[in-house]
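A quick write-up on the structure given underneath.
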Amino acid sequence: MSATEHGTMNLKLIVWRQSGPDKPGRFETYDAKNITPHHSFLEMLDVVNEDLIKAGKDPIAFDHDCREGICGACSAVVNGVPHGGQERTTLCQLHMRKFKDGDAIYLEPWRARAFPILRDLIVDRTALDRLVQAAGFVSCHTGGVADGNAILIGKPEADYAMDAAECIGCGACVAACPNGAAMLFAGAKVAQLAELPQGQVEAPQRVAAMVKAMSDNDFGNCTNHYECEGACPKGVKVKFIARLNREFTKALFQETLGTISTNRGTSKE
Amino acid sequence: MRLLSDSIGRKVVMAITGLLMVLFVVGHLLGNLSIFAGPNGINAYAEKLHGLPQVVWATRVVMLTAVALHIVLSIRLTLENRAAKPTAYAVDRRLRVTFAGKNMIWTGLLLGGFIAFHLLHFTVRSVPGLDIVQGLDGHGRFDVFSMVVAAFGHVVTAVVYVVAMAALFLHLSHGIQSTFQSLGLNNAKTMPGFLKFGSVLSVIFLLGYGSIPVAIFFGLIAK
């Protein structure tokens, strides 16, 4: 029986192979055989890797963890689009039914100066963690566990913060950005915290620290292409980048007027 | 926090200087369209404008500062952004990037060159190898009408101006909506409106400015 009679397909993978961070990389071509439409993209890679291991070859290294679309670990650029281009879908939730028998699929790692390649499709995304360490937190004392509704937060505000908090930190926005910028990630963090009472206290200091951390960590600048929004598997919107810009401008004004200082720990003028 | 060195600070400066230039482009277009009213229209307008030297010089100083800042920052931004994305993908598939957005630096540099040429052409009125008609009209006013009509009678000059206006159209179709996003005035609800506003305004500029050399070249405006 042929592959099509089983409903399976054979694909050609053109995969970026790189043995280490400073090693030269190259594309190599592999056959993915007997792939069913029900395989997820990562399961398809598992099948290919099984074959590679049986043939005594090095399997393709790729990042993955939960495989249910919530952890943000999987990361590969499929035919030029991070996570493969299905709306609001991480790579692990992309299924092979989206491909046809005989398709050629290019697989590349996230590419940005801030994300050095570790091996094959795996990049080092700790630059995003450093942004959170620099600015993605609330440090003011909020006391013990408060009663459920002791701090009143309106439904629209809660929803807005939740939409921003949907970010899973996969870095697809940086990978998609022609400038290697992390504005969508940073915007989502800044907006989420600035929207809620606990986060409002340090909003100016946070945005200043975030903007500084982005350039310290080799991310580029935003030029409003909105490619990040198109690639985000969680549907995080560029309105959060506008919020980031708004928070920045507001803080800059306040600092220029001397009503606040964006250096943490310094007192008011 | 610093306006000229922080990433978003520079973005705000790009937006404000861009917005100032768009305002100038609106005013300049309204003035230019007076050419359709014949020599009495544009010559009277020019005479009136030059009767207000403070306004003219204040505008020149503000605009040249805005242009200079806009150009310097855009070159820095482009170089930084290229460095932040050193390797391109093998498959170049874009989800949202537009041709206009992708080529901002090139349409911008083209416009920068055009502005320099345009100032030498019709303000300084001295371009090597280009014959510029200068004289007074029947009312003793500087004859802008004859100067412009003579200039756009030449195919090369007319084409240069039309191409520059096509660049302006591309630049502003991305630039205008971008301004609102950069200044933080945007949200999900306003986004489609700003996009449409930017497109419509850029088309108006293209048709408004472009119509002048085209109309003159095809003899619709003649002495």
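We use all heavy atoms of the structure for the numbers below, so side chains are in, but hydrogens, waters and symmetry mates are not. In what follows, every chain begins at residue 1, and chains take the letters A, B, ... in the order their sequences are listed. Every value quoted in this text rests on a predicted model; they were computed, and no experiment measured them.
Considering only heavy-atom pairs separated by less than 4.5 Å from chain A, the leading option among Glu80(B), Arg94(B), Met104(B) is Arg94(B). Note on Thr190(B), Thr78(B), Asp6(B), Asn187(B): by heavy-atom pairs under 4.5 Å with chain A, the leading option is Asp6(B). With chain A as partner, the option from Gln177(B), Lys11(B), Lys102(B) having the largest number of non-hydrogen pairs under 4.5 angstrom is Lys11(B). Chain B forms more heavy-atom pairs under 4.5 Å with one residue of Cys228(A), Ala242(A), Gly85(A) than with any other, namely Ala242(A). Highest contact tally toward chain B, considering only Ala181(A), Ala251(A), Ala114(A), is held by Ala251(A) [criterion: heavy-atom pairs under 4.5 Å]. Chain B forms more heavy-atom pairs under 4.5 Å with one residue of Asn179(A), Asn79(A), Val238(A), Leu244(A) than with any other, namely Asn179(A). Of the listed residues (Thr249(A), Asp218(A), Val77(A), Ile14(A)), the greatest number of heavy-atom pairs within a distance under 4.5 Å of chain B belongs to Val77(A). When Lys212(A), Lys239(A), Arg246(A), Met214(A) are compared by the number of non-hydrogen pairs under 4.5 Å with chain B, Arg246(A) comes out ahead. In terms of heavy-atom pairs under 4.5 Å with chain A, the best-connected choice from Leu185(B), Thr98(B), Val91(B), Thr87(B) is Val91(B).
Around atom CZ of Phe205(B), more than 12 heavy atoms belonging to other residues, nucleotides or ligands sit under 6.0 Å away. Other residues, nucleotides and ligands contribute more than 12 heavy atoms inside 6.0 Å of the CZ atom of Arg60(B). Enclosure of atom CZ in Phe253(A) is not indicated, since only 12 or fewer non-hydrogen atoms of other residues, nucleotides or ligands lie within 6.0 angstrom. Counting heavy atoms of neighbouring residues, nucleotides and ligands inside a 6.0 Å radius, atom CZ of Phe36(B) exceeds 12 of them. The local environment of CD in Glu157(A) is crowded, with over 12 non-hydrogen atoms from other residues, nucleotides or ligands closer than 6.0 Å. Summarising the local packing, CZ of Phe99(B) is surrounded by 12 or fewer heavy atoms from other residues, nucleotides or ligands at distances under 6.0 Å.
Contacts of Cys177(A) with chain B are made by backbone atoms alone, with heavy-atom separations under 4.5 Å and no side-chain atom involved. For a residue to count as touching a neighbouring chain, one of its non-hydrogen atoms must lie under 4.5 Å from one of that chain's; by this rule Asn186(B) touches chain A with backbone and side chain alike. Only the backbone of Val174(A) comes within contact range of chain B, with heavy atoms under 4.5 Å apart. In this structure, no portion of Phe240(A) lies under 4.5 Å from any heavy atom of chain B. For chain B, the nearby part of Phe219(A) is the backbone; its heavy atoms alone come within less than 4.5 Å. Heavy-atom distances place both the backbone and the side chain of Glu227(A) under 4.5 Å from chain B. If you measure heavy-atom distances from Ala83(B) to chain A, the contacts under 4.5 Å come from both the backbone and the side chain.
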Before you tell me yes or no, could you show the steps for Gln181(B) and Ile241(A) under side-chain contact (heavy atoms from CB on, under 4.5 Å), namely the whole-Å CA-CA distance, both residues' side-chain angles and the distance that decides it to 0.1 Å?
CA-CA 8 Å; Gln181(B) 172 78 2; Ile241(A) 302 182; 3.6 Å; yes
Could you check His174(B) against His225(A) for side-chain contact (heavy atoms from CB on, under 4.5 Å), going step by step and ending with a plain yes or no?
CA-CA 9 Å; His174(B) 174 83; His225(A) 291 302; 4.1 Å; yes
Go through Val81(A) and Leu95(B) one step at a time and tell me if the side-chain contact (heavy atoms from CB on, under 4.5 Å) criterion holds.
CA-CA 8 Å; Val81(A) 182; Leu95(B) 302 165; 3.9 Å; yes
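Closest approach of Asn221(A) and Ser7(B) over heavy atoms only: OD1-OG, 2.8 Å. Counting all heavy atoms, side chain and backbone alike, Arg111(A) lies closest to Lys85(B) at O-NZ, 2.7 Å. Nearest approach of Pro178(A) to Val97(B), heavy atoms of both residues: CG-CG2, 4.0 Å. Closest approach of Ala112(A) to Pro86(B), counting heavy atoms only: C-CD, 4.3 Å. Nearest heavy-atom pair across Asn245(A) and Ser182(B) is CB-O, 3.3 Å. Across every non-hydrogen atom of Pro109(A) and Tyr89(B), the tightest pair is O-CE2, 3.5 Å.
A distance of 14.0 Å separates CZ of Arg82(B) from CZ of Arg113(A), quoted to the nearest 0.5 Å. Atom CG of Asn81(B) and atom OG1 of Thr223(A) lie 5.5 Å apart (nearest 0.5 Å). Here CG of Leu3(B) is found 7.0 Å from CZ of Phe248(A). Values are rounded to the nearest 0.5 Å.
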